[in-house]
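Take a look at the structure below.
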Amino acid sequence: MAGMILVGILSAAFTGHMADVTNGAISSAREAVSTALTMLGVISLWTGLMKIGEKAGIVSSMCRKITPFLSRLFPSVPKESKAMEYIGINVIANFLGLGWASTPAGLKAMEELQKYNPHKEKATTAMCGFMIFNMSSLQLVSVNLIAYRTQYNSQAPSEIIGPGIAINTCINYYCNYIFENNGEV
C-alpha cells in the first residue's frame, strides 16, 4: 500500500500534478474528520440509549428472553452467570445495530468466560463460538449504514431497514436449520 502511494506521489511530481495530490489529501482529510464527528454523535446517542435501557431494566428483560437461545449456543456456560448476561447484552446491542455499544459487553463476556477456562492459555469452545457469533453481527437495523447514508445526502437513508430485516430473517432461518440438524446442511 505504501509503495502504491509513493508511486502515485512520484508520478504526480514528475507529471506536474502535485497540486491535485495536495488538494485530494486535504479534501479526504476534511471528509474523514466530518465522518468521524458524525459517527461520534451517533455512537454517543445510541450508547447513551443502551445505558438508559440497562438502567430501566429493558436490557436485562431482553437478556432473560434470549437466554434459552444463548444456552443452546453456549451449553458450557451456566445460564445464571455474568458471562451469559454480558453475552446477552452484546447480542442485543449488535441485533439493534449498536456495534459500538456492544464492545464493552463483549470484552466483559470474554473476561467472564475466561473464568470457566481450565486451560488459560487456550480459548474454550464457548469463547471461540462467542467470537464468531459476535463477528457475524446479526442486525435488525444497521445504525452505521443509516448514519453514513444520511451523511452522504441519501434521499431515503432508512430504506435499507426492510431488506436488512428480510436478509437477517433468512440468515436466522438458515442458522436455525443448521443448528437443529447438528451442523449438517
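The CE atom of M84 sits 8.5 Å away from atom NZ of K79, with the distance rounded to the nearest 0.5 Å. In this structure, I89 CD1 and N94 CG are separated by 12.5 Å, a value rounded to the nearest 0.5 Å. Distance check, rounded to the nearest 0.5 Å: CD1 of I87 to CD1 of I92 gives 12.0 Å. For the atom pair H17 NE2 and S11 OG, the distance stands at 8.0 Å (nearest 0.5 Å).
With a 4.5 Å cut-off on side-chain heavy atoms, I9 and M18 count as touching. Residues M131 and M110 are in side-chain contact: their nearest non-hydrogen atoms beyond the backbone lie under 4.5 Å apart. Looking at Y86 and S81, their side chains never come closer than 4.5 Å, going by heavy atoms from C-beta outward. With a 4.5 Å cut-off on side-chain heavy atoms, S60 and E54 do not count as touching. Annotation: side chain of V59 is in contact with side chain of C63 (closest heavy-atom distance under 4.5 Å).
Contact record, A83 with A109: O-CB, 4.2 Å, taken as the closest heavy-atom pair. The shortest heavy-atom contact between F130 and F74 is N-CE2, 3.3 Å. Taking each heavy atom of V21 and A12 in turn, the nearest pair found is CG2-CB, 3.3 Å.
Put simply, Y116 and L73 are part of two different groups of oily side chains (I, L, V, M, F, W, Y) that touch within less than 4.5 Å, one to the next. Side-chain heavy atoms closer than 4.5 Å link hydrophobic residues (I, L, V, M, F, W, Y) into clusters, and following such links, possibly through other members, connects F69 to L113. At a threshold of 4.5 Å between side-chain heavy atoms, the hydrophobic network of Ile, Leu, Val, Met, Phe, Trp and Tyr places L107 and V91 in two separate groups. Cluster annotation: M62 is connected to L49 through the hydrophobic network of ILVMFWY side chains, with a link wherever side-chain heavy atoms come within less than 4.5 Å.
No donor-acceptor pair closer than 3.5 Å links the side chain of S154 to the backbone N or O of T150. Remark: the backbone N or O of S34 is paired with a side-chain donor or acceptor of T38 at under 3.5 angstrom. When atom types are taken as modelled, the side chain of S61 and the backbone of G57 share no donor-acceptor pair closer than 3.5 angstrom.
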**Prompt:** Could you go step by step and tell me if Y152 and E31 meet the side-chain contact (heavy atoms from CB on, under 4.5 Å) rule?
**Reply:** CA-CA 11 Å; Y152 291 105; E31 189 170 330; 2.7 Å; yes

**Item:** Pair E85-K108, salt bridge (Lys or Arg N to Asp or Glu O under 4.0 Å): steps then yes or no
**Value:** CA-CA 10 Å; E85 180 183 336; K108 287 291 194 182; over 6 Å; no

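Heavy-atom contacts from other residues, nucleotides or ligands closer than 6.0 Å to NZ of K122 number 12 or fewer. Heavy-atom contacts from other residues, nucleotides or ligands closer than 6.0 Å to CD of Q155 number 12 or fewer.
E159 has a carboxylate O that lies under 4.0 Å from a charged side-chain N of R149, or vice versa, which qualifies the two as a salt bridge.
Taking S158 as the reference, I146, I161 meet the side-chain contact (heavy atoms from CB on, under 4.5 Å) condition, with sequence neighbours excluded. When the side chain to side chain donor-acceptor pair (under 3.5 Å) test is applied to Q114, the partners found at least two apart in sequence or on another chain are N117.
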